[in-house]
Amino acid sequence: MGNRNFRYKGSMIALVDCNNFYASCERLFRPSLINKPVCVLSNNDGCVIARSQEVKDLGVKMGAPAFKCKEIFDKNDVAIFSTNFPLYGDISSRVMGVLSQFTNELDVYSIDEAFLHLKMYDADYHQYGLSIRERVNRWVGIPTCVGVAETKTLAKLANHVAKKFPQLKGVHVIDTIEKRDKALKWAKVDEIWGIGRKSAEKMRYYGILTAYDFVQKSDSFVRRHFSVVGLRTKKELMGIPCFTLANQPTGKKSIMTSRTFAKYVTDIDGLNEALASYVSSCAYKLRKQSSCAQTIMVFVHTNKHRKDKPQYYNSQSMNLPVASNCSTEILGYAKELLKNIFYEGYEYNKVGVMVSNIIPQEQVQGNLFDKIDRGKHGRLMQVMDNINEYGGRGSIRLASQSYSKGLSKRESLSPEYTTKWSDILEIR
DNA sequence: TCTGGGGTCCTAGGACCC
DNA sequence: TCTGGGGTCCTAGGACCC
């Protein structure tokens, strides 16, 4: 058979994925940390959410509770950072900006990865991948890996291969049947994009250990045991595209904001303060995508890890009389919901709000009995957003929002080097 | 003492209708 | 007493992703 090429080699998908993204972002402004172990922790410095290669090599697992890793961190002089999403978001958009120079069809999949549709009939995809890496690295300073193949799922797999085999120089192209089979035989089922813990377990039960084993199964078997989701994944692994590229970003269908507290809250006033910030954040994100929500949901819960204490979880949702993106209006309803589900006697460690049934702003149907001056509210929100965008988040807030960020613990926060005037680096 | 946050899609099952 | 066979819509929860 030789190295028979795929029929549609002229149209391929590249997946560019940033290596250890948050850790790499933190390193950007701290060159002394290059080749040193760097670790980023979740909200409240609770658990590990990003690790540089050196930290992975130390055996620190993703999601590991930080307090359990303290010894390893101390012993190996690991640089620890609290999450700094404004920084990561800004670096991400710079990376995406560079990537958009390589294609007309950029599908930004997450904060640290994007699919690129490549249509090049005689091009050397491996060389092209190398030049993508090189430019992102030079212009933004973030290391990446590139996987190229016929479908998204295969591109993901190619990327995985590129990450695991350093001799590939960060780029792997699957463009022949042989390379595809080789990758499929190498990949364990739990490494396939779309196959999670549950499905992988089930597959092992049926003796399916590798991606190659999986594609050998009949469509009907896969459909029956792993639903249409599994079947799509199988087809994608065989080079039949089932996931199309999303050319323009679509608005979110639901938006949620919630935080775990660093200390327990027992009274409703404390929860209300937190709720006010979360509602503001949700409403702001709605306004940013020019949409309104028709449904809101509020939930509270106690610390589920403390089995020795009384546990409580509850949520309540409601449909708004008129779809809204106004912070003050949504907060009014959210407080009512919270009042309904709040009970004294529990130590709460989390409250959250989710808005859903989101529609474009211009499609909002008025209500005959609406007493709210929506034009005025809209202008007020606009003014608030302008002040916060210029002066930094939190420059102006609702009266009921807490003044300090006292409910969260972020002891190792890096500056917002690129998004806050006061945090810009000074070169002397 | 200390265990994240934010999304999407699919399915099963119930309510309801003819 | 027996107790069909569709269809639709909605919701909760599961699985998965980063």
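Here is how names work: the chains are called A, B, and so on, in the same order as the sequence lines, proteins then strands, and each is numbered from 1.
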Rounded to the Å, how far apart are [X] [atom1] and [N] [atom2]?
X: Ile49(A); N: dT3(B); atom1: CD1; atom2: C1'; result: 13 Å
X: Tyr278(A); N: dG4(B); atom1: OH; atom2: P; result: 13 Å
X: Lys68(A); N: dT3(B); atom1: NZ; atom2: P; result: 11 Å
X: Phe299(A); N: dG5(B); atom1: CZ; atom2: P; result: 9 Å
X: Lys70(A); N: dT3(B); atom1: NZ; atom2: P; result: 16 Å
X: Asn44(A); N: dT3(B); atom1: CG; atom2: C1'; result: 10 Å
X: Gln289(A); N: dG7(B); atom1: CD; atom2: P; result: 9 Å
X: Phe85(A); N: dG5(B); atom1: CZ; atom2: P; result: 10 Å

Next item on the list: List in chain and number order the residues that pass ring-ring contact (aromatic ring centres under 6.0 Å, His included) with Tyr88(A), two or more places apart in sequence or in another chain; answer none if no residue qualifies.
Entry: Tyr22(A), Phe85(A)

Can you tell me if the side-chain N/O atoms of [X] get under 4.0 Å from OP1 or OP2 in [N]?
X: Tyr22(A); N: dG5(B); result: no
X: Thr260(A); N: dG5(B); result: yes
X: Arg259(A); N: dG6(B); result: yes

Checklist line | Contact state string [nucleotides 8-18 of chain C, B base, S sugar-phosphate only, - no protein heavy atom under 4.0 Å] | finding: -------SSSS

Next item on the list: Run the ring-centre check on Tyr206(A) versus His225(A) and record whether the distance is less than 6.0 Å.
Entry: yes

Next item on the list: Report yes if the distance between the aromatic ring centroids of Tyr348(A) and Phe342(A) is under 6.0 Å, otherwise no.
Entry: yes

Notebook entry, point to check: Does His305(A) or Ser227(A) map to a spot on DNA chain B nearer the 5' end, using the closest nucleotide for each?
Noted result: His305(A)

Item checked: Upstream residue (5' side of DNA chain B) when Met256(A) and Cys47(A) are each assigned their closest nucleotide -> Cys47(A)

Counting any heavy atom closer than 4.0 Å, what does [X] reach on the DNA or RNA strands: base, sugar-phosphate only, or nothing?
X: Lys253(A); answer: sugar-phosphate
X: Phe261(A); answer: nothing
X: Lys350(A); answer: sugar-phosphate

Item checked: Watson-Crick and G-U pairing of DNA chain C, under 3.5 Å, as dot-bracket with | and [ ] -> ....||||||||||||||

Checklist line | Short N-O contact, Asp190(A) and Arg197(A), less than 4.0 angstrom | finding: no

Check: So does Glu54(A) pair up with Arg27(A), basic N to acidic O under 4.0 Å?
Finding: yes

Item checked: Proximity to the side chain of Arg306(A) - top-ranked nucleotide from dG4(B), dG7(B), dC2(B) -> dC2(B)

Would you kindly say whether [X] and [Y] are connected by a side-chain donor-acceptor distance under 3.5 Å?
X: Asp175(A); Y: Tyr125(A); result: no
X: Glu191(A); Y: His160(A); result: yes
X: Asp45(A); Y: Ser82(A); result: yes
X: Thr151(A); Y: Thr153(A); result: no

Notebook entry, point to check: When you look at CZ of Phe165(A), are more than 12 heavy atoms from neighbouring residues, nucleotides or ligands closer to it than 6.0 Å?
Noted result: yes

Notebook entry, point to check: How far, in whole Å, is dT3(B) from dC18(C) if one measures between their P atoms?
Noted result: 25 Å

